[in-house]
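For reference, the structure is listed below as structure tokens.
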2 protein chains.
Amino acid sequence: MDDTDLGWELSTAVVLFHEAVARRLGLSAVDHKALGVITRRGPLTAGALAAELGMNASAVTALVDRLERAGHARRAPDPADRRRVLVHPAGTPALGDVFAALTREMTAMMSKYDERETAAILDYIRNTIAVLRAQTAALTAAGERPRP
Amino acid sequence: MDDTDLGWELSTAVVLFHEAVARRLGLSAVDHKALGVITRRGPLTAGALAAELGMNASAVTALVDRLERAGHARRAPDPADRRRVLVHPAGTPALGDVFAALTREMTAMMSKYDERETAAILDYIRNTIAVLRAQTAALTAAGERPRP
DNA sequence: TTGAATAATCCACTATGTTGAAATATCTTA
DNA sequence: TAAGATATTTCAACATAGTGGATTATTCAA
């Protein structure tokens, strides 16, 4: 019972943190998500980004315009195919600062657990990720079912 | 190093899960957030909801219209002050199903840890919530600093 | 009991992001 | 190398949600 509420609070805290980061960077939710994709999936073509975000090509053109204007990303031609544009992350200092602070706090916090506790915690995190992904997939599938 | 990535993956999984829930219910991010507030803060006046969401009164009128139309909330007069409207959650079956499934999976997953492991995990969750809230507050404060 | 304050709503306007079609450039393959 | 396919961009609607001001109903205070 306590567990459920705690999980819910954690989930809310995560979402609110993401919102705060987006607000800090002056980004909408979609733009922030896109920046996340660009940052971790490395350089990406505009088309791949569109597929990842479920948007069409022209919306992505506008999105990358915004990110580029704000200094969060930059376009570069794809040397392998000159029709393509590769969107690179442009290391925004603000974004780096945000995650450096978070990582520092989390690392400090984790340091007080012994080996066995740490193992349990990491296992829990991995399992939670798996559960969330499965539930997300189930929800998405349920939403698409009535369609075709 | 592994820790950081894991935390990041967990955070992403949480956000994607929230997005999937919103999509499933046919709600925008803001409307979904509002529904969360209404569901856990019980019946709420429109004004209180506006304050919670950082929106003005007329935007909340439109928001509650949407939630009511979709069957996720209902308005009732406040018996204590007839100018006021109380927004009640209207137990959407879809929403209940989503969280029942998640709770079931999470409970099953937690059952395999012994007492000491469980204690460590719960402590970790509590600390993570605290860190995230502090970081969120710091980000928000930083954003508001240059203002007045 | 009258006048000011408050709560919600309505309305016109604005800002933002998205779509779809057309244009351009490049690649692929027959 | 010519025809068709693909990647991105541009542009003109369009949709959605949020703002600010006016309106109505009700409560509070002098």
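Order of the sequence lines sets the chain letters (A, B, ...), proteins ahead of strands, with each chain counted from 1. Remember, it's a predicted structure, so these values are computed and weren't measured experimentally.
A salt bridge is defined here as a Lys NZ or Arg NE, NH1 or NH2 lying under 4.0 Å from an Asp or Glu carboxylate O, and Glu19(A) with Arg24(A) fails to meet this definition. Between Asp81(A) and Arg84(A), at least one side-chain nitrogen of the basic residue sits less than 4.0 Å from a carboxylate oxygen of the acidic one, meeting the salt-bridge criterion. Contact check on Arg116(A) versus Asp114(B) returns a salt bridge, with a Lys/Arg side-chain nitrogen under 4.0 Å from an Asp/Glu carboxylate oxygen. Under a 4.0 Å N-O distance rule, the pair Lys112(B)/Asp123(A) qualifies as a salt bridge.
When the side-chain nitrogen and oxygen atoms of Arg66(B) are compared with OP1 and OP2 of dG18(D), one or more of them lie within a distance under 4.0 Å. Considering only side-chain N and O atoms, Asn56(B) lies nowhere under 4.0 angstrom from the phosphate OP1 or OP2 of dG18(D). For the OP1/OP2 pair of dA25(D) and a distance below 4.0 Å, the side-chain nitrogens and oxygens of Arg82(B) include no atom meeting the criterion. An OP1 or OP2 oxygen of dT24(C) is reached within less than 4.0 angstrom by no side-chain nitrogen or oxygen of Arg83(A).
Among the protein residues, Val60(A) comes within range of no part of the nucleic acid, since none of its heavy atoms lies under 4.0 Å from any strand.
Atom CG of Asp78(A) is separated from atom P of dT26(C) by 13 Å (rounded to the nearest Å). Rounded to whole angstrom, the span from the CG atom of Leu53(B) across to the P atom of dG18(D) amounts to 9 Å. We find that CZ of Arg75(B) is positioned 10 Å from P of dA8(C), with the value rounded to whole Å. Rounded to whole Å, atom C1' of dT16(D) lies 14 Å from atom CG of Asp65(B). In this structure, Leu27(B) atom CG and dT16(D) atom C1' are separated by 14 Å, rounded to whole Å. Rounded to whole Å, atom P of dA7(D) lies 13 Å from atom CG of Leu44(A). Across the protein-nucleic acid pair, Asp81(B) atom CG and dT27(D) atom P stand 6 Å apart, rounded to whole Å. Across the protein-nucleic acid pair, Lys33(A) atom NZ and dG17(C) atom C1' stand 15 Å apart, rounded to whole Å.
The listed nucleotides are dG20(D), dT9(C), dT18(C); the one nearest the side chain of Ser58(B) is dG20(D).
The nearest heavy atom of DNA chain C to Val85(B) and to Ala59(A) marks one nucleotide each, and the one closer to the 5' end goes with Val85(B). Nearer the 5' end of DNA chain C, as judged by each residue's closest nucleotide, is the contact made by Leu63(A), out of Leu63(A) and Pro79(A).
Atom CE of Met106(B) is separated from atom CG of Leu132(A) by 6.5 Å, given to the nearest 0.5 angstrom.
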